[in-house]
Amino acid sequence: MCDNHLILFLFPDPLLVKAARGDPVNRPPAWMMRQAGRYMAVYRKLAERYPSFRERSETTDLIVEISLQPWEAFRPDGVIMFSDILTPLPAFGVPFDIEEVRGPVIHSPIQSEEGLKALHPINLEKLNFVGESLRILRQEVGGHAAVLGFVGAPWTIATYIVEGGCLLKNFGFRSMISVVFTFSSFPLPFIGFLQL
């Protein structure tokens with residue numbers, strides 16, 4: 001905790017943070033979307049050594065290395081942590097894989113009341129790599145760039161949990177909503193997570 005407060009005092013607010021706050025800035029900030037670095041040869045070489053996307057996005061050293069690749073090459077005003085929108089799922093009982101062509105896949109989607117009851121409150125210890133990666137990235141870039149983390153929006157995460165993957169129609173999720181809200185006192189761990 002003390003280290004994080006020390007970091008805040010050592011570095012001035014980066015340009016992107018100032019602009020987001022509405023402070024006057026001398027130019028618009030620039031940053032790259034998280035996917036933008038994937039075209040880089042250095043990233044592709046690393047992905048050959050570590051073919052699992054989950055390993056690359058859940059291992060602190062790899063997250064930091066990949067996140068810094070675009071920053072080291074172009075010095076944008078924002079460094080986006082290399083991650084996935086579904087990173088929190090295993091922390092509350094929903095395992096998933098990331099397949100090369102299909103993307104994120106949940107092999108046992110939750111499509112019943114029993115499935116909902118099997119979820120548990122989020123176990124933040126399973127996500128320690130997120131905070132650690134953000135802390136290291138902030139130290140690495142200092143006040144020269146903002147460090148940005150991200151996660152899927154509540155609707156997106158809930159849709160994946162019910163649909164088992166990326167489906168544009170969300171029919172299963174829409175019918176599941178009616179099941180969820182028919183149980184007014186139903187303790188739903190992922191609804192609590194969605195409210196974070």
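Sequence positions, counted from 1, serve as the residue numbers for this chain.
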Out of curiosity, does I136 fall in the hydrophobic cluster containing L46 (side-chain heavy atoms, cut-off under 4.5 Å, transitive links)? yes
If we only count heavy atoms from C-beta on, is the Y50 to T59 side-chain gap below 4.5 Å? no
Any heavy-atom pair between the side chains of I85 and T87 that's under 4.5 Å? no
Heavy atoms only: give me the nearest H120-A91 pair and the separation to one decimal. CE1-O, 3.2 Å
Provide the full list of salt bridge (Lys or Arg N to Asp or Glu O under 4.0 Å) pairs with a residue in residues 50-64, sequence neighbours left out, each pair given once. R54-E58
Can you list every salt bridge (Lys or Arg N to Asp or Glu O under 4.0 Å) pair that touches residues 67-81, not counting sequence neighbours? R27-D77
To the nearest 0.5 Å, tell me how far L16 CG sits from W31 CH2. 5.5 Å
Separation between OH (Y39) and CE (M32), nearest 0.5 Å, reads 4.5 Å
Hey, are the side chains of K117 and E114 touching, using non-hydrogen atoms and a 4.5 Å cut-off? no
Output for pair (W71 CH2, I80 CD1), nearest 0.5 Å, gives 14.5 Å
Could you report the tightest heavy-atom contact between A145 and G78, atom names first, then the distance? CB-N, 4.2 Å
Indicate if L86 and V105 have the same hydrophobic cluster label, given that clusters are the connected sets of ILVMFWY residues with side-chain heavy-atom separations under 4.5 angstrom. no
Rounded to the nearest 0.5 Å, the CD atom of Q111 sits from the CD1 atom of I161 at a distance of 12.0 Å
Report the C-alpha separation of H107 and D97 in whole Å, then their side-chain angles, then the decisive distance to 0.1 Å, and conclude whether the side chain to side chain contact (heavy atoms under 4.5 Å, CB included) test is met. CA-CA 8 Å; H107 295 289; D97 292 319; 3.0 Å; yes
Strictly below 4.0 Å, N to O, side chains only: are E48 and K45 in salt-bridge contact? no
Would a hydrophobic clustering, with Ile, Leu, Val, Met, Phe, Trp and Tyr connected at side-chain separations under 4.5 Å, put L15 with V147? no
CG of L127 to CG of N123: how many Å apart, nearest 0.5 Å? 7.5 Å
Surrounding CZ of R21 (heavy atoms of other residues, nucleotides or ligands, distance under 6.0 Å), is the total greater than 12? yes
Atom of M81, atom of S133 and distance for their closest heavy-atom approach: SD-CB, 3.8 Å
Does the gap between the ring centers of F53 and F82 come in under 6.0 Å? yes
Could you give the distance from OG (S57) to CD1 (I66), rounded to the nearest 0.5 Å? 8.0 Å
Give a yes or no on whether I63 and V141 share a hydrophobic cluster (residues Ile, Leu, Val, Met, Phe, Trp, Tyr; joining criterion: side-chain heavy atoms under 4.5 Å apart). yes
So do the side chains of P70 and M40 get within less than 4.5 Å of each other, counting heavy atoms only? yes
Audit row: F92, V94, side chain to side chain contact (heavy atoms under 4.5 Å, CB included) steps and yes/no: CA-CA 6 Å; F92 58 93; V94 181; 4.2 Å; yes
With V151 as reference, evaluate T156, V130, I157 under the side chain to side chain contact (heavy atoms under 4.5 Å, CB included) test and give the passing residue. I157
Is there a path of hydrophobic side-chain contacts, each under 4.5 Å between heavy atoms of I, L, V, M, F, W or Y residues, that connects I110 with L89? yes
Determine the minimum heavy-atom distance between A146 and V17, stating which atoms define it. CB-CG2, 3.8 Å
